[in-house]
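Counting convention: from 1, in listed order, for ligands and their atoms alike.
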Amino acid sequence: MTTQIIDGKQTAKDLRAEIAKEVESIKSKTGKVPGLATVLVGEDPASAVYVRNKNKVCKELGFESFQHTLPAETTESELLDLVESLNANPGVNGILVQLPLPDHIDSNKILNAILPEKDVDGFHPHNVGLLTGGTALLAPCTPAGIIHMLDRYDIPIEGKHAVVIGRSNIVGKPIAMLLLHRNATVTICHSRTKDLPQMAASADILIAAIGRAHFVTADMVKDGAVVIDVGINRVDGKLTGDVDFETVSPKTSYITPVPGGVGPMTIAMLMSNTLKAFKNVNSIS
Ligand code: GUN
């Protein structure tokens, strides 16, 4: 089997270039640019890196960025006040509250306070409902990025058996919905699934979103399968996916590496969602 490595880094770069071009063109016609607000509470180092990258990409693409860094002791009501002020700010088209939030803050309460039309993470119940109904404008970034990569590589989805391992609200559930809307037959597996290896081995498209390094081994993968690795695990200081890449990749037709696969797509899709939210509110088609 010839294996093709899906280059998420390049795919994300291409998408960012397209977005930058569109933003430039809209700016020359309307004088307006999309605005993204990021909110970071506390000092989690990984979250700080993600948020810094998001703001960097904003500048690179010609977006306006609104950066809010709050101390870990911030109260829930202070954070709600900030969300309300961002909701009311017409220059802010997208609001991203970086997760996880400190334990004393109810994340759902915060996410539910974000105006659905500015919810570029696609986590608000309104947008979750639209996603299920098949009419989402703003779908969660990582799942949307996976679909974008499959499309860029002309990998057919319709009629395929897609097996998703993991049922999180951020990845597992929304990617299952997106694949279903593209007419895949979708199975969602999780920690209580019986015979998970056999289930995985029946997949034409296998999405690994478990959060455990080297979880997917060669025996769990059908010859010629497409394998998408969503895992970001640190093993001895090295970034490692959920798939045992060395043994699995020779069996696959396409596989995403870690790093350089799904990861770079997430921020690119965040920008794409912010541009969509901006165009939607300004009636730009
Ligand atoms: N933390 C990890 N992934 C995400 C994400 O996609 N969005 C937000 N807001 N926080 C995250």
Side-chain angles (χ1 to χ4, degrees), residues 8 12 15 35-58 65-70 72 74 76 79-80 82-83 86-87 92-103 105-128 131 136 138-149 164 166-178 207-212 228-234 239 241-242 258-259 261-274 276-277:
L15 178 59
L36 174 67
T38 56
V39 180
L40 173 64
V41 184
E43 276 111 47
D44 178 62
S47 290
V49 171
Y50 291 142
V51 169
R52 207 176 318 128
N53 280 338
K54 285 163 188 168
N55 287 299
K56 198 179 112 213
V57 174
C58 266
S65 85
F66 303 80
Q67 222 171 318
H68 294 270
T69 308
L70 305 176
T74 303
E76 192 175 275
L79 187 53
L80 282 171
L82 173 60
V83 169
L86 296 171
N87 281 343
V92 172
N93 302 109
I95 302 172
L96 180 129
V97 178
Q98 185 67 32
L99 302 176
L101 288 168
D103 288 341
I105 297 176
D106 179 348
S107 302
N108 277 330
K109 217 170 177 177
I110 303 301
L111 297 178
N112 295 359
I114 297 171
L115 271 181
E117 56 265 39
K118 297 192 180 190
D119 168 38
V120 285
D121 261 327
F123 293 163
H124 190 285
H126 178 93
N127 289 323
V128 176
L131 181 70
L138 302 170
C141 303
T142 300
I146 293 170
I147 299 290
H148 187 88
M149 282 197 294
V164 179
R167 53 173 156 178
S168 71
N169 291 331
I170 296 184
V171 180
K173 285 185 217 167
I175 188 61
M177 275 300 148
L178 292 175
I207 313 281
I210 310 118
R212 276 169 63 184
I228 306 293
D229 190 349
V230 188
I232 309 177
N233 311 292
R234 272 194 196 277
L239 211 55
D242 289 347
V258 176
V262 174
M265 289 306 300
T266 300
I267 294 186
M269 292 315 295
L270 175 69
M271 299 300 141
S272 167
N273 272 351
T274 305
K276 276 187 193 168

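Taken from NZ in K118 to CG in N87, the straight-line distance is 6.0 Å, to the nearest 0.5 Å. Atom-to-atom distance recorded for L40:CG and L99:CG is 11.0 Å, nearest 0.5 angstrom. In this structure, D119 CG and L115 CG are separated by 9.5 Å, a value rounded to the nearest 0.5 Å.
Summary of contacts: the protein heavy atom closest to atom 3 (N) of ligand 1 is I170 CD1, 4.5 Å. Looking at atom 1 (N) of ligand 1, its nearest protein heavy atom turns out to be L99 O, 3.0 Å. The protein heavy-atom contact nearest to atom 11 (C) of ligand 1 is Q98 NE2, 3.5 Å.
Within the listing of ligand 1, atoms 8 (C), 9 (N) sit less than 4.0 angstrom from a heavy atom of V97.
The residue Y50 has no part lying near ligand 1, judged by heavy-atom distances below 4.0 Å. Using a 4.0 Å cut-off between heavy atoms, D121 contacts ligand 1 through its side chain alone, with no backbone atom that close.
Taking both residues in full, the closest heavy atoms of F123 and V128 are given as O-CG2, 3.8 Å, listed atom of the first, atom of the second, then distance. Across all non-hydrogen atoms, the minimal contact from V171 to S168 is N-OG, 2.9 Å. K54 and M271 get closest at one heavy-atom pair: O-CE, 3.6 Å.
Of the polar atoms of F123, none of the N or O atoms is found under 3.5 Å from an N or O of ligand 1, judged by distance alone.
At least one heavy atom of L96 lies less than 4.0 angstrom from ligand 1.
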